Student: 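Mind having a look at this structure? Questions to follow.
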Amino acid sequence: MPLTFKIATRNLLRNKKRTLITLSALVFNCAMLIALFAMMRYWIEQSITNITSLAIGQVQIHAPEYREDRSLYKSIDNPEEYLAIAKKENISASPRSYGYGLASIDTKSAGAQYWGIDPLKERQTFRFAEYILEGDFFNDKIQSQVVIGRKLARSLNANIGSELIAVVQAADGSMGNEIYRVGGILQTISEEMDRSAVIMHQKDFEELFSSAGRIHEIALNSKNKLTSTQVAEEFNVAAKKVEIKTWEQLLPTLADMLRVSRSAMYVFSFIFFIAVGFGVLNTMLMATHDRIREYGMLKALGTKPWRIIMDVCSEAFVLSACAAILGSLAGVFLCFLLDTYGIDLSSMGGSMRMSGIAFDPVLRSDLKPVDIVFTVIATSACCVLASLFPAIKAARLSPIKAMQKH
Amino acid sequence: MTANTTTIIETRAACKFFGEGESLVKAVNDVDLRIETGEFTAIAGPSGSGKSTLLNIISGLDHVTSGKIFMNGAEVTQYTDKELANLRLKHIGFVFQNFNLLPVLTAYENAEYILMLRGMPENERRDKVMAVLDKLGIADKAKNFPSQLSGGQQQRVAIARAIAANPTVVLADEPTANLDSKTAASLVEMMAELNEKEGITFLFSSHDPRILDCSKRVLVLTDGAISDDQKNN
C-alpha cells in the first residue's frame with residue numbers, strides 16, 4: 001500500500017470514535033440514497049408501465065378533435081391502414097369504439113361510457129382484462145356480457161349476473177337499447193373507467209349504436225421495444241387525417257410530475273451530500289487541528305503543500321471508500337427487503353392515483369448498478385471536496401507557528 | 001553573489017527581530033557565521049539567546065529581518081517558499097527537540113518518508129533505510145511505532161530520518177533536551193561518530209555543558225549575537 005494511504009488509514013484509526021461516527025453517517029447516507037434511487041425508479045417505471053400497459057398505451061390515434069368533442073361520428077377514417085402499420089412494425093394495437101348513454105340496473109341508473117373492444121386484441125395489447133375485481137372478463141366468443149367499472153357498479157348496485165339495461169342515442173338517430181349481463185367488475189385502473197366504463201364486445205357495440213364499424217381510438221403499445229415517441233414516429237408518416245398523441249401528450253401533468261420526480265431524486269441526493277459534506281468537513285477540520293504540529297513538522301522537512309493536501313484528501317477518500325463499500329452493501333440489503341416485503345402505502349389511507357390513473361400502492365425497489373455507481377462516486381467526491389478546505393488550511397501552515405502549537 | 005564553495009552555510013549580518021518599538025526583541029542580531037563541510041558545531045547559550053531562531057533562519061523555516069544567508073554558495077534569503085521547501089528537502093536534515101516523528105508511521109517508515117518525498121524507488125529506499133537504522137543500532141526496532149520506543153530510540157529514528165537522504169547538513173535543535181544525561185551523552189557520541197566516519201556536517205544547539213564538550217566547535221550566542229567562537233581539540 002502506498003505510504004500516503006498507509007498514513008491516511010492509520011490516521012483514521014487514531015480517533016476510532018470520531019471515525020466511527022462519521023463513517024456511520026456516511027454509510028447511512030449511501031444506503032438510504034441507494035434505496036431511495038431504487039424505490040423512486042420502481043415507482044416511476046411502475047407508473048409508466050401502468051399508464052402504457054393497462055389501458056392508455058404508449059400512443060393513441062384519434063380522429064382530429066375527437067378528444068375535445070367525443071362525438072360518435074368523429075371516427076378514424078380507414079383504421080385498417082394504421083392497424084396494418086402496427087402489424088408490420090410489430091406494435092400491438094387495439095381498436096376501440098366509444099359511445100355515451102345511460103346504464104340502468106333495476107331502479108338505479110347512471111351515465112356511462114360504452115367501450116366496444118376486440119377482446120382478443122385488447123388482451124394482446126393491454127393488461128386491464130386481468131384487473132378484474134369480481135367475475136371474469138369476456139372472451140372473443142362471449143357476447144351480450146359487459147364488464148363495468150367499480151364505482152359504476154357500486155352506484156348501480158350491480159353484482160355479477162345483474163341485468164344492465166343500456167339506453168343510447170345510436171349513430172343513425174334511433175334510440176338503441178339492449179340488455180346485457182354483468183360478467184365482471186373492474187379493479188381501479190383509471191378514474192374515468194372506474195366511474196363510467198361499460199365494456200362490451202365490438203359486435204355488441206355496433207348493434208347497440210348502429211355504428212357500422214366506426215373506430216374512435218387505436219391504442220398502441222410496443223411493450224417496451226420502442227419509446228412512445230418512436231412509436232408515434234412510425235405512424236406520423238402515414239398520418240394524414242388523424243391525431244397521434246403519446247401518453248406524455250395525453251397526460252401532460254402526469255408526465256411532468258414523473259419527470260420532476262426523476263429530477264427530485266437528484267435534488268434530494270444533493271441535499272444529502274451537502275449534509276454529508278459538512279459532517280466530513282467538521283471531522284477533517286478537527287483531525288487536521290489535532291495534527292497541526294505534525295503538518296508543521298512535515299512542512300519543515302520539505303514536504304510540498306500539494307502532498308499535505310493529498311495526505312488530508314486521501315484520509316477523506318479512504319473514509320469515503322469504506323463508507324461506499326459498507327453503504328452499498330447496506331443499500332443492496334435494503335433494496336432486497338423492499339423487494340421482498342414492499343411498503344404498502346394503501347394502509348396510510350387515501351387513494352393511490354394521480355391524474356385519474358391508479359398506481360400500485362405497494363412500493364418496491366428497482367435497483368440498477370448505476371444507482372450504486374452514482375452513490376459511490378458522489379460520496380467519494382463529496383468527501384474529498386469537503387476535505388479540501390482543511391487540507392488547504394494545513395498545507396498553508398507556517399511550519400514554525402504550527403510546530404509551536406500545543 | 002557566491003560565497004566560498006567549501007563553506008556550506010554562511011550568514012552575513014543576519015538579523016531576526018520580533019515585535020516593534022519598546023517590545024522589540026532582537027532574537028538574532030548581526031550574526032556573521034561560516035560553517036564548513038564536515039564540521040561538528042554546537043551553538044551554545046542560555047534559553048532565549050536565539051539558538052533556535054538562528055537555526056530557523058539558516059534552514060529557511062523563518063525569514064531574516066535583514067542580512068543574508070548562503071547555503072552551498074547560493075543566497076537563500078531570496079528564495080520563495082517553494083524553493084526553501086526544496087532546499088530543506090534536498091540539503092537539510094532536521095532533528096527536533098521533541099523528536100517530531102509521525103506517530104502513525106513505524107521507525108522504518110519515518111526514516112523512509114523523506115526518501116519517498118525525494119522520489120527514490122522503493123527497493124532503493126528499503127536498502128538505504130535499513131542500512132541507516134542498522135548504523136544507528138535500531139534495526140530491530142524498524143517495525144515499532146514511536147509510542148513503542150524510548151526517548152533515546154525515538155531521537156535515533158529522528159537522526160536516521162535526517163541522515164537517510166544524505167543531506168548537506170544536519171540541523172539539530174536541542175536534540176538532547178528531552179533525554180536523560182546518559183542517553184543524551186550516547187546520542188551525541190553517536191552523532192560525533194557519524195560526523196567522524198561519514199563526514200556528515202552537524203550544526204546543533206544545546207546548553208548542556210557535557211554535550212558541548214563533545215563538539216569540535218562551539219559558538220556561544222548571547223542576546224542574539226555571537227559572543228564567542230571556540231574550537232575544541
Side-chain angles (χ1 to χ4, degrees), chain A residues 1-16 18-19 283-284 286-319 391-406, chain B residues 16 18 27 52-53 55-57 59-63 79-106 108-120 122 125-126 129 145-147 158 161-162 164-165 167 170-171 173:
Chain A
M1 192 198 293
L3 204 54
T4 304
F5 282 105
K6 223 180 253 182
I7 294 173
T9 312
R10 290 180 191 165
N11 271 332
L12 284 170
L13 295 172
R14 280 166 86 171
N15 194 330
K16 293 190 182 76
R18 184 166 64 200
T19 303
T283 305
M284 296 313 294
M286 284 196 288
T288 49
H289 186 263
D290 287 353
R291 300 200 285 270
I292 200 160
R293 278 175 60 91
E294 288 168 30
Y295 291 120
M297 181 270 292
L298 290 176
K299 284 203 77 180
L301 294 180
T303 307
K304 302 278 182 347
W306 67 264
R307 183 165 279 280
I308 291 180
I309 291 175
M310 209 171 80
D311 278 356
V312 177
C313 290
S314 301
E315 201 171 319
F317 179 75
V318 170
L319 186 69
I392 291 170
K393 220 176 143 189
R396 293 176 67 176
L397 284 170
S398 148
I400 290 282
K401 285 180 186 164
M403 283 198 292
Q404 282 165 352
K405 297 264 183 196
H406 292 288
Chain B
K16 178 65 187 178
F18 296 104
S52 298
T53 309
L55 286 178
N56 287 344
I57 60 173
S59 61
L61 285 175
D62 215 344
H63 297 286
Y79 277 17
T80 61
D81 284 350
K82 195 179 168 187
E83 288 168 328
L84 285 171
N86 248 331
L87 174 85
R88 291 196 295 270
L89 180 63
K90 290 180 180 163
H91 297 287
I92 303 173
F94 282 96
V95 179
F96 302 99
Q97 182 179 337
N98 297 320
F99 322 135
N100 277 342
L101 298 174
L102 272 183
V104 290
L105 297 184
T106 62
Y108 173 89
E109 289 161 347
N110 264 292
E112 184 194 19
Y113 191 81
I114 296 287
L115 301 179
M116 186 202 71
L117 291 183
R118 281 199 181 187
M120 189 184 278
E122 200 177 345
R125 293 201 308 251
R126 195 180 309 119
V129 171
F145 286 94
S147 58
R161 180 178 65 187
V170 174
L171 300 181
D173 187 11

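Within every chain, numbering begins at 1; the chains are lettered A, B, ... in the order of the sequence lines, protein sequences first and strands thereafter. What you see is a predicted model; the values in this text were computed from it and never measured.
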Student: Between Arg291(A) and Asp311(A), is there a salt bridge with N-O shorter than 4.0 Å?
Tutor: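 No.
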Student: For Ile92(B), is it the side chain, the backbone, both or neither that has a heavy atom under 4.5 Å from a heavy atom of chain A?
Tutor: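 Neither; nothing under 4.5 Å.
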Student: Measure the CD1-SG distance between Ile392(A) and Cys313(A) for me, rounded to the nearest 0.5 Å.
Tutor: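 With rounding to 0.5 Å, CD1 (Ile392(A)) is 7.5 Å from SG (Cys313(A)).
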Student: Would you mind checking which part of Phe96(B) comes under 4.5 Å of any heavy atom in chain A, side chain (CB onward), backbone (N, CA, C, O), both or neither?
Tutor: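 Answer is side chain: those atoms of Phe96(B) sit under 4.5 Å from chain A.
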Student: With a 4.5 angstrom heavy-atom cut-off, is it the side chain or the backbone of Ile114(B) that approaches chain A, or both, or neither?
Tutor: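 Just the side chain, heavy atoms under 4.5 Å.
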Student: Counting heavy-atom pairs under 4.5 Å with chain B, which one of Met297(A), Lys401(A), Lys304(A) comes out on top?
Tutor: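 Top count of heavy-atom pairs under 4.5 Å with chain B: Met297(A).
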Student: Taking side chain as everything from C-beta outward and backbone as N, CA, C, O, which of these in Arg118(B) sits under 4.5 Å from a heavy atom of chain A? Side chain, backbone, both or neither.
Tutor: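 For Arg118(B), no heavy atom lies under 4.5 Å from chain A.
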Student: Where on Asn98(B) is there a heavy atom nearer than 4.5 Å to chain A: the side chain, the backbone, both, or neither?
Tutor: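 Side chain only.
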Student: Does atom CZ (Arg396(A)) have a neighbourhood of more than 12 heavy atoms from anything else shown, all under 6.0 Å?
Tutor: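 No, because the 6.0 Å sphere around CZ of Arg396(A) holds 12 heavy atoms or fewer from other groups.
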Student: Is the closest basic N to carboxylate O distance between Arg14(A) and Glu294(A) below 4.0 Å?
Tutor: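 Result for this pair is yes, salt bridge flagged.
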Student: Are any of the side-chain heavy atoms of Asn86(B) and Tyr79(B) separated by less than 4.5 Å?
Tutor: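 Result no, sub-4.5 Å side-chain heavy-atom pair not found.
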Student: With a 4.5 angstrom heavy-atom cut-off, is it the side chain or the backbone of Phe99(B) that approaches chain A, or both, or neither?
Tutor: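 Neither the backbone nor the side chain of Phe99(B) comes within 4.5 Å of chain A.
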Student: To the closest 0.5 Å, what do you measure between OG (Ser314(A)) and NZ (Lys6(A))?
Tutor: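 Ser314(A) atom OG to Lys6(A) atom NZ measures 14.0 Å (nearest 0.5 Å).
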Student: Less than 4.5 Å to any heavy atom of chain B: does that hold for the side chain of Leu298(A), its backbone, both, or neither?
Tutor: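 The side chain, not the backbone.
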